[in-house]
Amino acid sequence: MMLMSTWADDDLMMFELKQALRETEAVTERSRAVAHAAFAWRSFDAELMTLVYDSSVADEVLVRGSEVAGTRSLSFEGAGISLEVEVDDGNLLGQVVPACAGRVTLIPMHGRPHTVATDAMGFFSFTGVGSGPVRFSVELQGPNHATGWLTL
Amino acid sequence: MLASEVLMDQTPVAELVDAARRGDQGAWDALVDRFLPLVDSVARRYRMAHADVEDVEGEVWRRLVEHLDDIREPRALPGWIVTTTSRVCLHVLRGSGHVSPLDPLSSSPLDVGADPGMVDDDLLREERHHALREALLELPADRRELLVLLLRDPPVPYSEISQRLGIPEGSIGPTRRRALDQLRRTAAFRAFFAEELAVEPRR
């Protein structure tokens with residue numbers, strides 16, 4: 001326990017300050033990234049879209065000759081909206097139906113969210129997509145939509 | 001994380017909380033940068049494996065995200081963070097069921113473990129260190145800079161400090177004294193110290 005006299009002493013005060021600053025240096029960049037990324041957990045006002053198809057799951061039970069090796073296909077459905085996504089080697093192509101201009105955000109659990117605009121046909125793309133848990137949010141006219149977390 | 005990174009943003013915590021509530025990622029980043037050393041140092045007090053510390057920190061930040069809208073008094077945030085981190089640590093330690101590796105720097109093997117009574121003083125110390133970092137933020141930039149340079153390990157020679165800050169070597173000592181006096185008068189310092197005095201008689 002620190003007493004009043006400790007706080008009055010400059011050298012002891014400097015000692016305490018040194019310890020306080022040392023704690024900042026112990027913080028790793030990884031801890032920092034996790035902390036920054038946690039903001040994606042903020043329950044934003046969005047209607048949940050459900051995963052209705054995942055090729056990585058379907059492939060286990062079905063052998064699909066038409067499926068391109070290495071490409072993961074995902075389909076989500078929400079109230080009056082659907083989202084199709086294909087991921088291949090870090091490149092992600094997607095389409096929002098009904099087709100209209102809007103914004104899609106890719107939210108990684110351990111990283112920064114990225115937002116892109118959809119074109120008039122509802123197409124969008126992301127590059128350099130890493131593996132790990134992510135979710136998507138879609139902003140069109142009307143209420144926002146978001147998927148749950150899934151691992152790419 | 002460098003001390004200079006933590007001591008960069010002087011925005012009041014209340015403003016950062018407000019902006020983060022409105023969905024401002026930058027404000028959230030600045031807010032967690034301010035509290036990262038606190039969460040980190042509390043989690044380390046429980047002497048957990050490195051991976052467990054990361055799990056704990058992730059969970060604390062998720063709880064803070066959910067708690068953002070309920071924060072009425074930002075001054076209570078350090079206490080909330082210490083308590084929450086502590087609870088999550090105890091939860092992880094109880095749940096994991098494995099013996100945590102010993103920190104080779106720990107003073108005694110007897111203080112390993114999750115007995116909350118043992119770490120009470122440690123937690124108060126971490127909160128005090130947080131208050132000191134906040135107090136440093138309230139100082140004028142030149143005084144803060146001087147103290148940070150004087151606190152470097154290994155020490156920075158006076159001649160270099162003099163050159164960097166453009167002040168004569170002879171005035172470093174007197175300026176340090178004034179800076180520390182000013183630090184004792186900051187709101188962060190006085191708020192924490194008043195609280196600490198208030199709990200002392202119970203011990």
Side-chain angles (χ1 to χ4, degrees), chain A residues 1-46 103 105-115 132-135 137 139 143-144 146 148-149 151, chain B residues 1-7 20-21 23-25 28-29 31-33 35-41 43-44 50 53-54 57-66 68 121 124-126 128-133 135-136 147-148 150-153 176-177 180-181 183-184 189 193 196-197 200 203:
Chain A
M1 182 58 60
M2 301 282 287
L3 298 173
M4 186 73 99
S5 54
T6 314
W7 292 116
D9 183 296
D10 280 0
D11 290 331
L12 287 174
M13 181 92 156
M14 288 298 275
F15 177 76
E16 279 282 311
L17 284 167
K18 189 176 257 183
Q19 288 190 316
L21 290 191
R22 195 175 293 153
E23 284 162 5
T24 70
E25 274 146 33
V27 176
T28 64
E29 280 307 313
R30 184 162 165 80
S31 284
R32 204 179 177 195
V34 167
H36 290 182
F39 199 52
W41 286 84
R42 188 158 171 74
S43 44
F44 46 100
D45 198 18
R103 300 195 324 155
T105 304
L106 173 69
I107 307 167
M109 195 181 282
H110 305 295
R112 284 189 166 273
H114 289 284
T115 302
V134 297
R135 68 190 298 187
S137 94
E139 300 162 58
N144 292 342
W149 292 97
T151 301
Chain B
M1 200 172 174
L2 297 172
S4 51
E5 287 180 293
V6 179
L7 298 175
R21 272 181 193 154
D24 183 335
Q25 171 86 44
W28 169 262
D29 292 353
L31 182 69
V32 296
D33 280 354
F35 286 100
L36 260 167
L38 181 61
V39 171
D40 198 67
S41 59
R44 282 167 199 275
H50 201 71
V53 172
E54 276 180 11
E57 293 184 358
E59 179 61 23
V60 170
W61 300 122
R62 281 193 284 281
R63 289 190 189 187
L64 179 61
V65 168
E66 283 161 15
L68 267 184
D121 276 354
L124 199 54
R125 182 184 311 137
E126 301 314 343
R128 187 169 73 224
H129 288 163
H130 174 77
L132 287 176
R133 289 188 291 268
L136 277 172
L147 288 182
V148 170
L150 288 168
L151 292 163
R152 282 272 177 83
D153 201 8
R176 179 188 101 147
R177 198 172 317 127
L180 289 175
D181 280 342
L183 196 75
R184 293 183 183 95
F189 185 90
F193 199 51
E196 199 177 34
L197 275 182
E200 207 149 359
R203 297 187 157 257

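Numbered from 1 within each chain, the chains take letters A, B, ... in sequence-line order. Worth saying up front: this structure is predicted, and the values here are computed from it rather than measured.
Within the model, atoms OG1 of A:Thr115 and CG of A:Leu106 stand 9.0 Å from one another, a figure rounded to the nearest 0.5 Å.
The candidate from B:Arg125, B:Arg177, B:Arg176, B:Glu126 with the greatest count of non-hydrogen atom pairs under 4.5 Å with chain A is B:Arg176. Considering only heavy-atom pairs separated by less than 4.5 Å from chain A, the leading option among B:Ala135, B:Gly58, B:Ser41 is B:Ser41.
Using a 4.5 Å cut-off between heavy atoms, B:Arg21 touches chain A through backbone and side chain atoms alike. With a threshold of 4.5 angstrom between heavy atoms, B:Phe35 does not approach chain A through any atom at all. In this structure, no portion of B:Leu31 lies under 4.5 Å from any heavy atom of chain A. Heavy atoms of B:Ala131 lying under 4.5 Å from chain A are absent altogether.
A salt bridge does not link B:Arg44 with A:Glu23: every distance from a Lys NZ or Arg NE/NH1/NH2 to an Asp or Glu carboxylate oxygen is 4.0 Å or more. The pair B:Glu66-B:Arg62 does not count as a salt bridge, with every side-chain nitrogen at least 4.0 angstrom from each carboxylate oxygen. In summary, B:Asp121 and B:Arg128 do not engage in a salt bridge, as defined by a charged side-chain N under 4.0 Å from a carboxylate O.
For B:Arg133 against B:Leu38, the heavy-atom pair with the smallest separation is NH2-N, 3.6 Å.
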